[in-house]
Number of protein chains: 2
Amino acid sequence: MPNQARPGTGEQAKQLALGQLREAILRGDMAPAQRLVENELAEQFGVTRASIRAALIELESQGLVERIRNRGSRVRVVTVEEAVAITECRLVLEGLCAAKAAAAVTDAQVTELKDLGTSMRKAVADGEPLTYSDLNHELHARIREFSGQLTAVELLERLNAQLVRHRFQLALRPGRPQQSLSEHLAMIEAIAARDPQAAEAAVRAHLTSVIEALRD
Amino acid sequence: MPNQARPGTGEQAKQLALGQLREAILRGDMAPAQRLVENELAEQFGVTRASIRAALIELESQGLVERIRNRGSRVRVVTVEEAVAITECRLVLEGLCAAKAAAAVTDAQVTELKDLGTSMRKAVADGEPLTYSDLNHELHARIREFSGQLTAVELLERLNAQLVRHRFQLALRPGRPQQSLSEHLAMIEAIAARDPQAAEAAVRAHLTSVIEALRD
DNA sequence: GCGAACAAAATTGTTGACAATCTTGTCTGG
DNA sequence: CCAGACAAGATTGTCAACAATTTTGTTCGC
């Protein structure tokens, strides 16, 4: 169960620190490879070093930061090759989720997916890559959710967190949304048709294309 | 990068505690759902609570223990449904690794796999399910290793750690090694033939059979 | 006898100080 | 001028004590 980042509620210090740090890294506030000194972070977030420490240990095993014995922590930089390897894992895991989802979706959920599809079509037509990227993300999340495969969902969320930086670069590439759109619509179509094999194939095709785009 | 459990070397207290605790859980020394009290563990392993605490946090995000706020930690029990879900993830990820391995193995590595195959055949013929289980484990590990897919390997090791208890139950089931053997030999055959699609299919077939066996 | 309020025990969460380790800059000898 | 030893500073690792929380057992009122 991934830790939700909800600063502000009456959480314990460690959870608060974890949430804040995680958000900061995901938002890009911390430069890549930036050093994370426990004392500075503790003062910055208003908690003690022990809490920061616990948060860093957790973030390390989520692959967001790197820790070296007696040398400190830094935000992990994901090379292009790693991004490809991560996306290959996403490919098979999201394929699994899509197949499961195709076998289990309700009518209401199909409607929701189709609505997302039309929104995406509109975003591309209006030339709003930012909105499209958000919808894209949401579509993948919904498919994961509908699959009911809790283990796969957890792994995927961990993997996705490592790709934030690369995701932005990809979304703003000219021509990319157009190609991506048709692939996404095919995924929706296959799930709506309750065809697990087709759904898995569509997801694989989409992420294969993402991998090619990553290797610009 | 998963933390290797190598107690005895001059590691730091937290790493030592982590290794010992992990080994103890994996070996089954800790009963399922057993309470893990920080003070007791600290005394038992000869380290302070802080080290135990850090170790527990890490083990939690590896899915080996469960931690509830102000209530303590216990070794996580994996239900049969969870074991199935985990094995479904293994299915797709090991499929990916097998395909990659088939595309990249050297001749020496093929020889190694075939040797493993004959050893497994012998273990089944001699009726040694324990030896066979070990070889089984090693075969899977080798295939992962030969794939060069670091991200997938890391995910798989995490997943496998959660299945120790179920693995034992499966290995000792009468008739199971015989069926498992032919599936494993097919995997080796496909990788030796450098056929990625066949390798992926063989792994999927094998783990599908494992899932069915899990649902006794 | 039963339920709720309350008190005591056990356990985790937090804090600040201290020790061990690594990095960096300086100095000495060649 | 350079290599290696050495000392100073910075940073992480460890520790023991304290605070907060939850659980459990007990007592009181009905």
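Convention: sequence-line order gives letters A, B, ...; per-chain numbering from 1. All values below come from the heavy atoms of this structure, side chains included, with hydrogens, waters and symmetry mates left out.
Note: CZ (A:Arg67) to C1' (C:dT21) measures 14 Å, nearest angstrom. Remark: P of D:dC15 and CD of B:Glu43 are 14 Å apart, rounded to the nearest angstrom. Between B:Glu66 atom CD and C:dT12 atom C1' the separation is 16 Å, expressed in whole Å. Separating the CZ atom of A:Arg74 from the C1' atom of D:dT11 is a distance of 13 Å, rounded to the nearest angstrom. Following rounding to the nearest Å, B:Lys14 (NZ) and D:dT14 (P) show an atom-to-atom distance of 8 Å. One can place CD1 of A:Ile57 at 15 Å from C1' of C:dG13, the figure rounded to the nearest angstrom. Taking atom CG of residue B:Asn39 and atom P of nucleotide D:dA17, one finds them 12 Å apart after rounding to whole Å. C:dG13 atom C1' lies 14 Å from atom CG of A:Leu16, rounded to whole Å.
Candidate nucleotides D:dT12, C:dT14, D:dA16 were compared by shortest atom distance to the side chain of B:Arg53, and C:dT14 ranks first. With distances taken from any side-chain atom of A:Thr48 to the nucleotides D:dT12, C:dT14, D:dA16, the minimum falls on C:dT14. Nearest to the side chain of B:Glu38, among D:dG13, C:dT14, C:dT12, sits C:dT12. Distances from the side chain of A:Arg49 to the nucleotides C:dG13, D:dT12, C:dT14 place D:dT12 closest. When distances run from any side-chain atom of A:Ala50 to the nucleotides D:dT11, C:dT11, C:dT15, the shortest one goes to C:dT15.
For CZ of A:Arg27, the number of neighbouring non-hydrogen atoms (other residues, nucleotides, ligands) closer than 6.0 Å is greater than 12.
The aromatic rings of A:His140 and A:His206 sit tilted relative to each other, their planes meeting at an angle between 30° and 60°.
Where A:Asn70 and A:Ser51 meet DNA chain C, the nucleotide closest to each residue was compared, and A:Ser51 sits on the side nearer the 5' end.
Scanning atom types as modelled, no donor and acceptor separated by under 3.5 angstrom connect the side chain of A:Arg71 and the base of D:dG13.
The pair B:Arg67-B:Glu60 counts as a salt bridge, with a side-chain nitrogen and a carboxylate oxygen less than 4.0 angstrom apart. Ion pairing between A:Glu58 and A:Lys14 holds under the 4.0 Å rule for side-chain N and carboxylate O.
Partner of A:Leu163 under the side-chain contact (heavy atoms from CB on, under 4.5 Å) criterion, out of A:Leu170, A:Val210, A:Thr87: A:Thr87 alone.
When heavy atoms are screened at a 4.0 angstrom cut-off, B:Leu36 is found touching the sugar-phosphate backbone but no base atom.
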